[in-house]
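In the text below, chain A, chain B and the rest are named by the order of the sequence lines, each starting its count at 1.
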Number of protein chains: 2
Amino acid sequence: MTDAGDMGMKSGPLLARGEGVALWRQITQQMEREISGGQYGPGARLPTEAELAERFAVNRHTVRRAMEELEGRGLVRIEQGRGSFVAEDVVDYRLGPRTRFSEIIRRQNREPGGRVLRIEEVPAEATIADLLGIRRGRPVVVVERLSLVDGRPLLIGTHHFPALRFGRIPELLKEDPSITAALVACGVPDYRRKVTRITARLPTAEESDLLQQSRNRPVLVSEAINVDPAGEVVDVTIARYAAGRMQMVVES
Amino acid sequence: MTDAGDMGMKSGPLLARGEGVALWRQITQQMEREISGGQYGPGARLPTEAELAERFAVNRHTVRRAMEELEGRGLVRIEQGRGSFVAEDVVDYRLGPRTRFSEIIRRQNREPGGRVLRIEEVPAEATIADLLGIRRGRPVVVVERLSLVDGRPLLIGTHHFPALRFGRIPELLKEDPSITAALVACGVPDYRRKVTRITARLPTAEESDLLQQSRNRPVLVSEAINVDPAGEVVDVTIARYAAGRMQMVVES
DNA sequence: TTGCCAAATTCATCTAGACGACTAGTTATC
DNA sequence: GATAACTAGTCGTCTAGATGAATTTGGCAA
């Protein structure tokens with residue numbers, strides 16, 4: 001608490017060496033204080049690794065470790081060749097019985113978008129088959145899409161439909177990319193989300209790539225079961241969200 | 001890049017050097033394949049960093065980077081001084097209007113537990129005050145607790161009660177650690193969760209410490225608003241869950 | 001002005017080596 | 001037999017230096 005009054009320059013935070021607290025942790029804390037203390041505003045550029053290394057009198061790798069930590073915690077964003085910046089902006093993603101991506105996004109005056117990554121028919125894996133309530137190995141139509149908000153990727157959604165009932169979906173999606181519309185054409189006028197499981201983990205290389213998000217930022221993983229008005233399972237969707245760009249909202 | 005033929009044993013997966021894919025990523029993939037391929041069962045011990053470094057013919061640091069990745073993704077668990085192990089077991093945490101930790105846990109035949117970390121009365125910060133619907137700076141009672149399942153920490157919950165109405169809570173909790181009971185004593189026979197916001201990030205040092213979870217594993221952060229039967233806001237709770245040990249379940 | 005190339009800047013990866021911290025088992029001692 | 005001290009094994013942190021990759025900048029040519 002004593003904390004020498006830093007008059008003027010940010011000269012010597014002076015790390016405590018050899019006292020049980022790793023240097024990179026101390027740097028993390030210091031930077032955190034400075035960021036949340038408003039030293040740098042949202043989106044502001046932080047000093048380069050080399051500068052910070054000099055300032056804290058440590059090796060650049062030690063600074064890197066600290067910055068990676070801050071990135072994973074959501075405080076900063078690191079861009080190769082550009083520098084590090086203070087993080088910003090999140091989208092509210094409301095989870096309810098009627099969860100439709102475009103509607104949610106438009107309601108927040110943002111522009112939804114997306115593209116199909118993959119459409120194929122494959123035999124059902126054990127997990128998916130159990131959730132769909134079909135036998136393992138039975139054919140399922142898998143549709144994978146990347147959804148964007150204002151041009152920035154927000155989520156990767158992988159839908160699994162029982163092919164027996166929804167085999168026409170691949171063709172239908174070629175006409176109209178809307179899944180809701182395709183389901184209508186298959187005789188499902190409406191559907192609702194029955195249950196959602198949520199967890200979090202770090203992204204795979206592919207995920208962080210598609211989501212244009214750092215490897216250190218977690219993805220929120222949701223597994224949803226959608227049912228038609230009759231209660232029949234329509235599909236199982238596994239979605240991976242860029243945690244740094246959104247917040248799920250559950251109302252009850 | 002000629003790639004010597006690996007005769008016999010798992011000697012040479014032989015990484016592709018200098019072809020745009022980082023070595024640590026390739027190691028990650030290989031280990032992932034071996035783990036999900038059943039090479040090592042759940043809980044099984046993996047080779048030491050030194051062994052893997054030798055096997056892949058890279059520096060130990062490179063193997064470390066790969067293992068940290070797998071840990072963050074939830075595939076392995078690394079323990080200092082002991083080794084690395086394949087990950088396991090998760091708890092289903094059902095989120096609904098009536099979310100009570102002990103009930104949820106007991107319903108899964110597990111043993112809930114916990115301890116109070118902090119109880120104090122402080123002026124309301126901007127965010128909390130807004131959510132509670134009180135003026136900033138007004139006193140709030142903050143109760144922070146660590147909740148356990150079968151002796152393992154699952155979540156850190158920070159409750160914020162408007163002190164005006166719930167000033168007696170600190171004393172009450174000294175008698176009986178149940179928050180539900182304390183609220184009853186304050187004239188709130190029942191309460192329900194109105195809205196929950198969920199996001200994920202990497203834990204702070206303190207969080208990973210309390211949750212006994214690696215720094216690389218994300219925490220699910222939920223911000224809940226609880227209201228009494230009259231719709232009045234009772235408290236705002238911010239909980240941080242060890243993402244590797246649970247899955248939130250939302251029914252709708 | 002526009003387009004392109006080269007240099008400079010900055011972050012990313014990899015290697016090498018040293019030492020600290022924690023765990024678990026073994027041995028010495030009382 | 002209990003306890004303490006030691007030791008080997010394993011992960012954690014830090015330093016140092018080299019090279020690669022992505023981005024920006026500045027200058028030159030069309």
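Around the CZ atom of A:Arg94, the shell of radius 6.0 Å holds no more than 12 heavy atoms that belong to other residues, nucleotides or ligands.
The list of ring-ring contact (aromatic ring centres under 6.0 Å, His included) pairs with a residue in residues 60-79 of chain A, not counting sequence neighbours, is empty.
Inter-residue side-chain proximity for A:Val249 and B:Thr196 is flagged as unmet; no heavy-atom pair is nearer than 4.5 Å. B:Tyr40 has its side chain within reach of B:Pro47: a pair of non-hydrogen atoms, C-beta onward, lies under 4.5 Å apart.
Remark: A:Glu51 does not engage A:Arg45 in a salt bridge, criterion side-chain N to carboxylate O under 4.0 Å. B:Arg77 and B:Glu79 are joined by a salt bridge, as a carboxylate oxygen and a charged side-chain nitrogen come within less than 4.0 angstrom of each other.
Inter-axis angle, ends of the helix from C:dT1-D:dA30 to C:dC30-D:dG1, five pairs per end, rounded to 10 degrees: 10°.
Bracketed by its first and final contacts, the part of DNA chain C lying under 4.0 Å from non-hydrogen atoms of chain A reaches from C:dT10 to C:dC14 in 5' to 3' order.
A:Ile27 places its CD1 atom 11 Å from the C1' atom of D:dC14, with the value rounded to the nearest Å. Between the P atom of D:dC14 and the CZ atom of A:Phe56 lies a distance of 13 Å, rounded to the nearest Å. Here D:dT23 presents its C1' atom at 14 Å from CZ of A:Arg77, a figure rounded to the nearest Å.
Scanning for side chain to side chain contact (heavy atoms under 4.5 Å, CB included) contacts around B:Thr158 gives B:Arg118, B:Val142, B:Glu144, B:His160, B:Arg240, with sequence neighbours left out. Partners of A:Arg25 according to the side chain to side chain contact (heavy atoms under 4.5 Å, CB included) rule, which considers only residues two or more places apart in sequence or in another chain, are A:Val21, A:Ala22, B:Ala205, B:Arg215.
In this structure, CZ on A:Arg65 lies 10.0 Å from CG on A:Leu70, to the nearest 0.5 angstrom.
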Expected rows: protein N/O vs nucleotides 8-12 of chain D N/O, under 3.5 Å:
from, atom 1, to, atom 2, distance (Å)
D:dG9, N2, B:Gly81, O, 3.3
D:dC11, OP2, B:Glu49, N, 3.0
D:dC11, O4', B:Gly81, N, 3.3
D:dG12, OP2, B:Arg64, NH1, 2.6
D:dG12, OP2, B:Arg64, NH2, 3.3
D:dG12, O6, B:Arg60, NH2, 2.9

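Side-chain atoms of A:Thr62 never come within 3.5 Å of backbone atoms of A:Val58 as a donor-acceptor pair (strictly under, hydrogens ignored).
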